[in-house]
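Just so we're on the same page: letters track the sequence lines, and every chain starts at 1.
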Amino acid sequence: MARPKLCDSIRGLIGPSRSKLRMPYEPSIIEPRWQKFWAEQRTFRTVEDHAKPKYYVLDMFPYPSGSGLHVGHPEGYTATDILARYKRMRGFNVLHPMGWDAFGLPAERAAERDGRHPADITKTNTDNFRRQIQRLGFSYDWDREINTSTPDYYRWTQWIFLRLHERGLAYRAELPVNWCPALGTVLANEEVSPEGTYKETGDPVEKRLMTQWMLRITAYAERLMKDLDLLDWPEPVKKMQREWIGQSNGAEVDFKVAGSERRFTVYTTRADTLFGVTWCVLAPEHPLVQELTTANNRAAVDAYIQRSTRRSDRERKADQATKTGVDTGARAVHPLTGELLPIWIADYVVGGYGTGAVMAVPAHDARDHEFARTYGLPSKTVVLPAAGSAACEGAFGDDGVSAHSGIYSGMSSAAMRTRITQDLEASGQGRAKVQYALRDWLFSRQRYWGEPFPMVIGADGVAVPLPDDALPVELPHLVDFKPTADGRPPLARAESWLQVADPRGGMALRETNTMPQWAGSCWYYLRYLDPKNDQAPFAPEKERYWMPVDLYVGGTEHAVLHLLYSRFWHKVLFDIGLVSTPEPFQKLFNQGMILAWSYQDASGKYWHEKDIEERDGKHFVRATGASVETRVEKMSKSKLNVVNPDDIISEYGADAMRLYEMFMGPLDMTKPWQTRGMEGVSRFLQRSWRLWLAGDDDTWAAQLSEAAPSEDIERQLHRTIAGVTEDLEQMRFNTAISKLMELVNTLTAAPQRSRATLNTYLLLVAPFCPHFAEEIWRRLGHKNSIAYAPWPVADLSKLIESTLTIPVSVNGKLRTTLELPLDATEAQIRELALADPGVQRHLAGATIRKVIYVPKRMLNLVVGPPA
RNA sequence: GCCCACGUAGCCCAAUGGCAGAGGCAGGGGACUUAAAAUCCCCCAAGUGUGGGUUCGACCCCCACCGUGGGCACCA
């Protein structure tokens with residue numbers, strides 16, 4: 001899609017001899033000039049200024065990948081930049097920082113592949129990301145740039161880890177973990193998909209027993225759940241977090257094992273179905289299984305355990321439909337009826353949740369029902385849909401009325417739950433229990449490129465924290481990032497680093513696992529407040545001034561990862577007294593994904609947009625004429641539909657790119673990129689530019705009128721101020737831009753242009769296309785940046801229309817429009833409407849049954865056949 | 001299977017109970033030009049996914065269905 005540059009075409013046309021040269025809009029000259037100015041003047045350096053209200057607007061900082069920025073990044077960044085600039089003009093003290101989430105797997109894998117050090121690769125990538133981001137003219141305070149992989153940053157990540165450790169929130173445990181053979185590391189639950197694969201790459205994940213660092217996020221489950229209510233976040237994100245935390249209110253019930261002193265405890269949310277229990281099920285890994293299993297059943301039980309531990313989560317889920325299990329031969333005693341109930345093991349009961357044991361109620365639970373059918377186990381109905389109604393076929397899982405439940409019969413399910421739980425508690429056989437699906441956070445990785453733990457393992461095997469003054473524990477320089485031959489993590493290769501004095505005396509070995517990538521992002525929003533502090537992670541008074549983050553913009557992919565982890569750390573810091581707010585991010589906004597059209601021919605081959613032509617709404621390969629299927633898809637190299645921001649900026653400029661990113665549609669919506677759409681915003685900028693050049697004169701702004709603008713223009717101007725301001729407050733950037741376009745279209749058509757009007761317009765457009773605005777602002781004679789000029793205020797008295805326009809409809813269909821003086825009364829409007837020939841035609845031979853008048857809005861006549 | 005969001009001119013999107021069009025792309029015509037580009041002006045085009053309902057009046061609210069995208073899915 002070649003497009004001649006404006007400057008080239010003009011030069012080609014006029015040559016050096018022509019004197020009346022219009023000054024063209026040339027973003028390629030203007031934009032670097034102002035970017036340099038902002039950097040040199042430190043225009044966006046932020047200081048604590050308690051005289052002003054603060055506004056902390058934050059982007060989710062990027063992982064600087066090798067492939068550079070894609071058009072999705074600048075979408076969120078542009079939105080926050082516009083708001084940051086708008087808020088500055090409104091007199092806010094704005095904190096708007098950027099940095100790099102620079103530790104992580106991809107750099108380490110690239111290092112293995114390319115033979116370069118991860119630090120080196122990370123440096124190249126961050127330099128490229130910074131260059132690309134700066135080309136868009138964002139008003140970040142670059143003095144606050146941070147990088148999670150630098151020792152002066154991760155020193156404090158380690159420091160916070162020590163605080164967690166002190167409080168018993170970090171511990172080592174041997175447990176079955178998610179091991180990804182392809183990556184050679186363990187993963188957190190949050191990183192594993194329901195299918196049992198790594199969410200990022202799709203590599204399979206299996207269970208392995210390993211000793212790992214865990215963070216006790218479960219201790220905060222309730223607060224993480226409850227405090228969601230305090231937040232101005234999108235409902236779907238809150239819902240995802242609630243589901244992940246998975247609170248359930250139920251009861252524990254103790255069962256005795258017949259002929260033994262042993263007991264086991266089940267967890268249930270349906271204590272009201274206790275009389276319907278016909279057997280119990282333990283998870284295969286339940287600690288009592290070995291002891292309970294009778295000699296006759298031992299072989300079958302062992303075989304089943306063997307089989308189920310080998311099965312990955314993925315396999316388990318694959319055949320959810322068929323439930324399997326084996327009888328242990330042992331019997332449990334029903335706590336209320338004394339009945340003997342078989343004890344089975346089955347892998348649909350998961351060891352890590354609740355007590356790892358359940359009571360089976362086949363009449364009222366779909367899983368148990370199916371299990372009963374498969375193995376011919378009995379069933380007892382104890383809940384009826386309504387009093388006296390018949391028992392249902394299949395499992396009746398809803399609440400109803402209790403039956404065959406002794407003294408509880410006839411109670412509602414809810415009432416019986418409360419009552420029986422109290423009674424069990426009184427007799428020591430049970431208790432109310434709130435259970436969470438959330439597990440502790442697996443916090444170590446067998447990787448090189450991450451934060452080292454500030455811990456050593458003593459000769460006695462005890463993990464010992466290093467003192468604060470030993471921080472940072474720097475990552476030793478390695479050239480080989482593979483695990484050692486005996487399977488220890490890569491850091492075990494750093495032999496001289498490994499040996500260290502045990503703070504308790506003697507020698508110890510350093511912890512060789514590293515922290516996961518999420519560690520650095522758990523608190524980075526706090527480091528921005530005070531990024532150079534070498535005495536503390538941040539100064540308390542700065543935290544009190546800036547926190548919480550007023551607006552946090554990023555994609556939904558972090559709904560239960562980063563956003564849950566950082567809330568957890570923040571709450572710990574809150575409990576320690578290091579931060580003053582219970583939550584870090586007051587308002588969250590998710591930008592939508594940007595997709596792109598793809599073109600695929602009948603053979604399945606993808607074509608680049610530039611090789612496609614359109615005829616009569618159908619698309620064809622230009623060279624061959626073959627027809628192609630068009631689809632909106634995620635951008636990917638294989639689909640040949642990737643858009644590179646650098647190319648767009650080279651062709652149209654950063655201001656145009658910013659405008660288009662916002663103009664495409666609502667920020668939170670998924671929408672397709674169409675490079676053709678750049679034409680519209682580019683023309684808008686050029687038309688805007690020409691507003692300051694009148695006629696053929698090349699003297700900048702010389703012919704602007706000093707007279708007051710016409711009443712119509714004045715009205716539209718103030719309507720635009722009010723509209724754009726409201727749209728910005730609501731983050732409706734697309735409609736704000738369209739209002740600005742409308743104004744420009746009007747001003748372009750106007751016979752003369754008032755300097756005052758254009759001044760206001762320039763202020764309104766400045767947050768959207770800042771280079772453009774700075775350039776004109778300077779040419780108008782201002783010495784300072786427009787960035788801190790005051791935002792215009794709409795004069796509401798100027799919005800009043802001079803006449804009233806009333807649409808008149810008959811039976812809801814528009815028939816005419818009346819133009820009336822502002823003070824027209826309903827009676828006058830009615831009279832005029834009835835006299836209108838267009839209306840009368842539809843009244844002929846009919847009776848008016850009703851007249852609806854909405855003051856100053858519309859008039860509707862409801863008519864029917866003659867009475 | 002369950003939950004959520006979205007379906008409006010050829011395309012991206014406005015309009016949130018009151019005139020279906022704010023803005024843009026694409027398309028057509030005209031002005032300017034020796035011509036073209038650029039620019040300016042004008043025009044074209046949907047009755048709002050489908051079927052019901054509520055209402056004087058529905059893109060908007062309610063019900064069912066279809067399509068697209070996203071999330072969840074043995075948690076007892």
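For the C1' atom pair drawn from G24(B) and U33(B), the interatomic distance equals 28 Å after rounding to whole Å. Nucleotides U16(B) and G1(B) have their P atoms positioned 36 Å apart, rounded to a whole Å. A58(B) and C41(B) have their P atoms separated by 37 Å, given to the nearest Å. Rounded to the nearest Å, the gap between the C1' atom of C60(B) and that of C2(B) is 27 Å. Rounded to a whole angstrom, the distance from the C1' atom of A14(B) to that of G7(B) is 15 Å. One C1' atom belongs to G57(B), the other to G47(B), and the distance between them is 16 Å to the nearest Å. A gap of 13 Å separates the P atoms of G30(B) and A35(B), to the nearest Å. For the C1' atoms, the distance from U8(B) to A20(B) is 8 Å, rounded to whole Å.
G69(B) has its base anti relative to the sugar, with a glycosidic angle deviating from 0 by more than 90°.
Residue contacts for V862(A): at a heavy-atom cut-off of 4.0 Å it reaches the sugar-phosphate backbone alone, with no base atom in range. Heavy atoms of N745(A) sit under 4.0 angstrom from primed sugar atoms or phosphate atoms, though from no base atom.
Looking at the side chain of M669(A), the nearest of the listed nucleotides C6(B), G18(B), G24(B) is C6(B). Candidate nucleotides A76(B), G18(B), C12(B) were compared by shortest atom distance to the side chain of P672(A), and C12(B) ranks first. Taking the side chain of V350(A) as heavy atoms from C-beta on, and the options A76(B), C11(B), C13(B), the nearest nucleotide is A76(B). With C40(B), C41(B), C13(B) as the choices, the nucleotide that has an atom nearest any side-chain atom of A749(A) turns out to be C41(B). For S248(A), the side-chain atoms get nearest to A76(B) when compared with the rest of G24(B), A76(B), C19(B). Looking at the side chain of V854(A), the nearest of the listed nucleotides A76(B), G18(B), G24(B) is G18(B). Closest approach to the T735(A) side chain among A22(B), C19(B), A76(B) is made by A22(B) (side chain taken as heavy atoms from C-beta onward). Which of G23(B), C56(B), C12(B) sits closest to the side chain of F663(A) comes down to G23(B). Among C19(B), G23(B), C56(B), the nucleotide with an atom closest to any side-chain atom of E742(A) is G23(B). The listed nucleotides are G24(B), A76(B), C40(B); the one nearest the side chain of R690(A) is C40(B).
Dense packing is recorded around CZ of R431(A), with more than 12 heavy atoms of other residues, nucleotides or ligands lying under 6.0 Å away.
No close placement of the Y660(A) and Y652(A) rings is indicated, their centers lying 6.0 Å or farther apart.
For the pair V862(A) and N811(A), the minimum side-chain heavy-atom distance is below 4.5 Å. Counting heavy atoms from C-beta outward, F768(A) and V681(A) have side chains that stay 4.5 Å or more apart. Residues V383(A) and D399(A) are not in side-chain contact: their nearest non-hydrogen atoms beyond the backbone lie 4.5 Å or more apart.
With both pairing distances under 3.5 Å, U50(B) is matched to A64(B) as a Watson-Crick or G-U wobble pair. The partner of C25(B), taking Watson-Crick or G-U wobble pairs whose two distances both stay under 3.5 Å, is G10(B). U34(B) makes up no base pair with any nucleotide shown, lacking Watson-Crick or G-U wobble contacts both under 3.5 Å. Applying the Watson-Crick and G-U wobble criteria (two distances, each under 3.5 Å), G1(B) pairs with C72(B).
The existence of a salt bridge linking K239(A) and E235(A) is excluded, since no basic side-chain nitrogen approaches an acidic carboxylate oxygen closer than 4.0 Å.
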Enumerate all atom pairs, one protein N or O and one N or O from nucleotides 26-32 of chain B, separated by less than 3.5 Å.
{"residue": "A26(B)", "atom": "OP2", "partner": "R683(A)", "partner atom": "NH1", "Å": "3.4"}

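R631(A) has its CZ atom 17 Å from the P atom of G67(B), to the nearest Å. Remark: C1' of A22(B) and CZ of F684(A) are 14 Å apart, rounded to the nearest angstrom. Between N734(A) atom CG and C12(B) atom P there is a gap of 14 Å when expressed in whole angstrom units. The separation between K239(A) atom NZ and C2(B) atom C1' is 9 Å, rounded to whole Å. What separates CE of M664(A) from P of G24(B) is a distance of 17 Å, to the nearest Å. C40(B) atom P lies 10 Å from atom CG of L691(A), rounded to whole Å. As a whole-Å value, the separation of M678(A) CE from G23(B) C1' is 16 Å. Summarising the geometry, the separation between CZ on R687(A) and P on U39(B) is reported as 8 Å, rounded to the nearest angstrom.
In terms of position along RNA chain B, the nucleotide closest to M741(A) lies nearer the 5' end than the nucleotide closest to the other residue of the pair T268(A) and M741(A). Comparing Q674(A) and G677(A) along RNA chain B, the residue whose closest nucleotide (by nearest heavy atom) sits nearer the 5' end is Q674(A).
With K671(A) contributing its side chain and P666(A) its backbone, the two residues share a donor-acceptor pair below 3.5 Å. Formation of a donor-acceptor pair under 3.5 Å by the S682(A) side chain with backbone atoms of E679(A) is not found in this model.
OP1 or OP2 of C56(B) lies within a sub-4.0 Å distance of a side-chain N or O belonging to K850(A). Taking 4.0 angstrom as the limit, Y348(A) places none of its side-chain polar atoms (N or O) nearer than this to OP1 or OP2 of A76(B).
Defined by atom type and a distance below 3.5 Å, a donor-acceptor pair is present between the side-chain atoms of Y761(A) and S688(A).
Listed by chain and residue number, M593(A), L595(A) satisfy the side-chain contact (heavy atoms from CB on, under 4.5 Å) test with K634(A) (two or more places apart in sequence, or in another chain).
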